[in-house]
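For reference, the structure is listed below as structure tokens.
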Amino acid sequence: MTQTTTEPAALGIDLGGTKIALALVDTGGRVLAQRRLDTEADAGPEAALDAMIAQARELIAEGRAPVAAVGVGAAGQVDRLRGILRSSPNLPRWRDVPLGRRLSDALGRPVAITNDGSAIALAEQAHGAGRGHDDVVVLFVGTGVGGGVIGGGRLLDGAHGYGGEIGHTTLVADGRPCSCRNRGCLEAYVGGWAIAERAREAAGRWREAGERLLRAAGEAEGGGAFGRITAATVGRAAGAGDPLARELVDETGRLLGHGLVSLIHAFNPRRVVVGGGVIDGMTELLSIAERVAREHVMEVFLDDLEIVPAALGAEAGVVGAARLAIRTEAA
Ligand SMILES: [Zn+2]
């Protein structure tokens, strides 16, 4: 990528549990240049912040576009007003990190911060599968389940910015333990880690039916195959016609569909955008979920509702972070 422009751009930063992505993004959502580095969660926030700032300075110095503002989508609970990452399930050493102040001091530009799911939601609504609509729910099903809600064209993230944790809405009262402190969350059933757990349990319970799943997880390599069953294993085995894996995909799709019913009733979206690695790895999942959602949602909500796959892929995080920066600057 060697584009150069005089149009102002924003620097978007996607701070994840394993990777940090930085990109120079123009107002049309196009990535002009980008960098990636490992988060190295064990090294703690200071080392990662230093590395992040160094990469950001290089991107700005390259001069492909004047950088008006910086946006961050961070994998955790972000105090939007104070610019502080309060906590992060995947980055246990990051507690109350003043990301906003550190970045604005180092880069000399205004910095806006949000949760990574909210960043993806902003990106999909502005430049992806939600484009052209002001009321969009974006659900991202990866290892965890995140997303965000755009209502009336605005990100609905609550009093402090913690809102939009739609993966942690309760699907089953006192259900399966979640990665948060609740039980029975949507994530605790359809998140990649939860699908893997449910698959291991099923393979243990129905040993004969679970044989193919175990083989797909590499039992041939000897021992411990239960621990190697992942959501991806389930998706592959289902694709190959394994009945137990297909049953797991069907059950996951139905659970996801019931989760969508709550979101549709709560927010009356025009479009529901669903993406993430789990969706990509299980081809039938979204169509099963959509069928269940359409069966259970109040009819008036169905008038012009569309449930569509996400469009932006892995770049959504940085594009959304940049979008947040541009919007905050313009506000
Ligand atoms: Zn939860």
Side-chain angles (χ1 to χ4, degrees), residues 17 75-77 87-92 115-117 137-149 162-207 209-210 213-214 216-217 224-238 242-266 272 274-282 284-286 288-293 295-297:
Q77 286 64 53
S87 58
S88 172
N90 298 318
L91 296 166
N115 167 268
D116 55 352
V137 171
V138 178
L139 188 68
F140 196 81
V141 188
T143 301
V145 180
V149 179
Y162 311 141
E165 289 279 12
I166 54 187
H168 299 283
T169 49
T170 302
L171 186 64
V172 178
D174 292 322
R176 298 178 69 89
C178 190
S179 62
C180 69
R181 62 202 290 260
N182 191 18
R183 297 180 74 97
C185 293
L186 182 58
E187 176 174 311
Y189 290 85
V190 310
W193 65 265
I195 294 171
E197 266 187 22
R198 287 170 41 232
R200 287 170 202 155
E201 288 170 15
R205 207 174 310 132
W206 296 293
R207 191 61 212 229
L213 206 49
L214 286 167
F226 276 101
R228 288 203 292 268
I229 295 178
T230 64
T233 316
V234 175
R236 279 198 301 275
D242 175 55
L244 182 62
R246 288 177 67 102
E247 174 57 32
L248 282 160
V249 170
D250 188 61
E251 185 182 60
T252 305
R254 281 185 276 124
L255 289 161
L256 180 59
H258 287 291
L260 293 182
V261 170
S262 297
L263 296 172
I264 293 164
H265 281 159
V272 178
V274 189
V278 167
I279 300 295
D280 297 340
M282 295 182 182
E284 288 171 68
L285 202 59
L286 187 53
I288 297 166
E290 174 164 11
R291 195 188 68 231
V292 168
E295 275 169 19
H296 292 267
V297 163

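- Contact of the Leu260 side chain with the Val272 side chain is registered, since non-hydrogen atoms from C-beta on lie closer than 4.5 Å.
- Between Leu256 and Leu139 the shortest side-chain heavy-atom distance falls below 4.5 Å.
- Partners of Thr230 by side chain to side chain donor-acceptor pair (under 3.5 Å), not counting sequence neighbours, listed by chain and number: Thr233.
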Run the side chain to side chain contact (heavy atoms under 4.5 Å, CB included) test on Leu214 and Arg207 for me, step by step, so that the C-alpha distance in whole Å, both residues' side-chain angles and the decisive distance to 0.1 Å come before the verdict. CA-CA 9 Å; Leu214 286 167; Arg207 191 61 212 229; 3.5 Å; yes
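- Looking at every heavy atom in both residues, Tyr189 comes nearest to Ala194 through N-CB, 3.7 Å.
- Closest approach of Ile229 to Ala199, counting heavy atoms only: CG2-CB, 3.6 Å.
- Within the structure, salt bridge (Lys or Arg N to Asp or Glu O under 4.0 Å) contacts touching residues 181-194 (residues at least two apart or in different chains) do not occur.
- Pairing each heavy atom of His296 with each of His265, the nearest pair is O-CE1, 4.0 Å.
- Heavy-atom minimum distance, Ile166 versus Gly148: CD1-N, 3.9 Å.
- Using a 4.5 Å heavy-atom threshold, the side chains of Val274 and Leu285 count as separate.
- Screening Asp280, Leu286, Val278 against Val141 for a side chain to side chain contact (heavy atoms under 4.5 Å, CB included) leaves a single residue, Val278.
- Under the rule for a side chain to side chain donor-acceptor pair (under 3.5 Å), the partners of Gln77 that lie at least two apart in sequence or sit in another chain are Ser87, Glu165.
- Between Asn182 and Cys185 the shortest heavy-atom distance is ND2-SG, 3.4 Å.
- Annotation for Ala209 and Asp242: closest pair O-OD1, 3.9 Å, computed over non-hydrogen atoms.
- Using a 4.5 Å heavy-atom cutoff, the side chains of Glu295 and Val261 are not in contact.
- Here His168 pairs with nothing under the ring pair (Phe, Tyr, Trp, His ring centres under 6.0 Å) rule; sequence neighbours left out.
- Here the straight-line distance linking atom CZ of Arg200 with atom CZ of Arg205 works out to 14.0 Å at 0.5 Å rounding.
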Kindly list each side-chain donor-acceptor pair under 3.5 angstrom involving residues 243-250, sequence neighbours excluded, with atom names and distances?
residue: Asp250; atom: OD2; partner: Arg254; partner atom: NE; Å: 3.0
residue: Asp250; atom: OD2; partner: Arg254; partner atom: NH2; Å: 3.1

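- Qualifying side chain to side chain donor-acceptor pair (under 3.5 Å) partners for Glu251, counting only residues two or more places apart in sequence or in other chains: Arg198.
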